[in-house]
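Right, one structure below, let's go through it.
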Amino acid sequence: MAFDFSGQTVLVTGASRGIGEQIARDVADGGGTLLVTSTEASHKLEDRFGVATHHFPIDFRHEADTQHFLAELRAMDRVDVCINNAGVARHKLMEDTTVEDWDDTATVNVKVPYLITQAVAEPMKRHEYGRIVNIASIWGHMTKPTRSAYTAAKHGIRGVTVGTAIELAPFNILVNTVSPGFTRTDMFKKNYSPAEQTQAASRVPLKRLAEPQEISVAVLFLASKLNTYITGQSLLVDGGYSIG
Ligand SMILES: NC(=O)c1ccc[n+]([C@@H]2O[C@H](COP(=O)([O-])OP(=O)(O)OC[C@H]3O[C@@H](n4cnc5c(N)ncnc54)[C@H](OP(=O)(O)O)[C@@H]3O)[C@@H](O)[C@H]2O)c1
């Protein structure tokens, strides 16, 4: 099922792989124009999705590049939809977490999505229309050892959602969170050994991992014109993990 994004300009951060790449593909299927980010210019995302695509190669840890990107966003004629998807997860015990780990996790998962929201709010307000979806995690609702910095960041992005949703609602800009569970992407494969992957899947009530498409469909419903009255919410897409 393709949601209709024809005539809309859709920003997807972290669109080079995983969940973000799937979201960008699904937006393209729906006829949207894409603005996408990844860290490498060599990703050649302009040619990947089969629709008009502008690729911003930026590492959000780099302040000057990020500020340049934000200025470009503010000046855009239109940005109808923004998906703050780019994220980093380092599974480390609190005692092993460095200041650099903390800064990178907080910057990419919370600070830059907040700054992007400030920037895209300008063109969205001019058109009195906007849909923003922030990607959190089950670890923004619950936690376990080795997740302290990531859990803090993902709780933080849920705070960004509600804090900005309340201010942007009068402009018909709806802001929501999607919190994925274990999803088959590079991030998951990097952080979980094959044995841990099997164990994680067995603990999900649905007894399997999520595929990126199953996250994308929830994100794109909230980001679509079909969503007219949901704002400030967090939707867990986790196969029932958080209720088990
Ligand atoms: N997979 C899961 O099980 C899972 C579960 C819950 C939540 N999530 C969340 O879902 C989102 C997508 O995760 P994923 O699994 O698709 O991850 P992924 O496969 O690791 O992809 C991460 C994306 O973020 C970009 N990114 C990473 N570091 C960046 C930085 N410093 N600056 C700018 N962009 C950066 C990457 O760009 P490059 O390719 O250029 O590095 C890539 O496009 C994240 O917010 C993650 O926390 C994932």
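Indexing begins at 1, ligand by ligand and atom by atom, following the structure's order.
Of the listed residues (Ser16, Gly14, Pro57, Ala200), the one carrying the non-hydrogen atom nearest atom 39 (O) of ligand 1 is Ser16.
Using 4.0 Å as the threshold, Ala210 has no heavy atom nearer than that to any atom of ligand 1. Ligand 1 lies less than 4.0 angstrom from a heavy atom belonging to Gly181.
The pair Lys111-Glu63 meets the salt-bridge criterion, with a side-chain N (NZ, NE, NH1 or NH2) lying under 4.0 Å from an Asp/Glu carboxylate O. Of the charged side-chain nitrogens involved, none lies within less than 4.0 Å of a carboxylate oxygen, so that Asp80 and Arg131 do not count as a salt-bridged pair.
Both the backbone and the side chain of Asp186 come within 4.0 Å of ligand 1, judged by heavy-atom distances. At a heavy-atom distance under 4.0 Å, no atom of Glu21 approaches ligand 1. At a heavy-atom cutoff of 4.0 Å, ligand 1 is contacted by no atom of Arg184, backbone or side chain. When non-hydrogen atoms are compared, ligand 1 lies under 4.0 Å from the backbone of Thr39 as well as from its side chain. When heavy-atom distances to ligand 1 are checked against a 4.0 Å cut-off, Thr185 comes that close only through its side chain, counted from C-beta outward.
Annotation: salt bridge (charged side-chain N to carboxylate O under 4.0 Å, His left out) contacts involving residues 44-53, sequence neighbours excluded, comprise Glu21-Arg48.
Close approach of ligand 1 to Val108 (heavy-atom distance below 4.0 Å) involves ligand atoms 30 (C), 31 (N). Heavy-atom contacts of Ile58 reach the following atoms of ligand 1: 32 (N), 33 (C) (cutoff under 4.0 Å).
Phe182 belongs to a hydrophobic cluster with Ile138, Trp139, Met142, Tyr150, Met187, Phe188, Tyr192, Val204, Leu206, Leu209, Leu236, Tyr241, counting contacts under 4.5 Å between side-chain heavy atoms of Ile, Leu, Val, Met, Phe, Trp and Tyr, direct or through other members.
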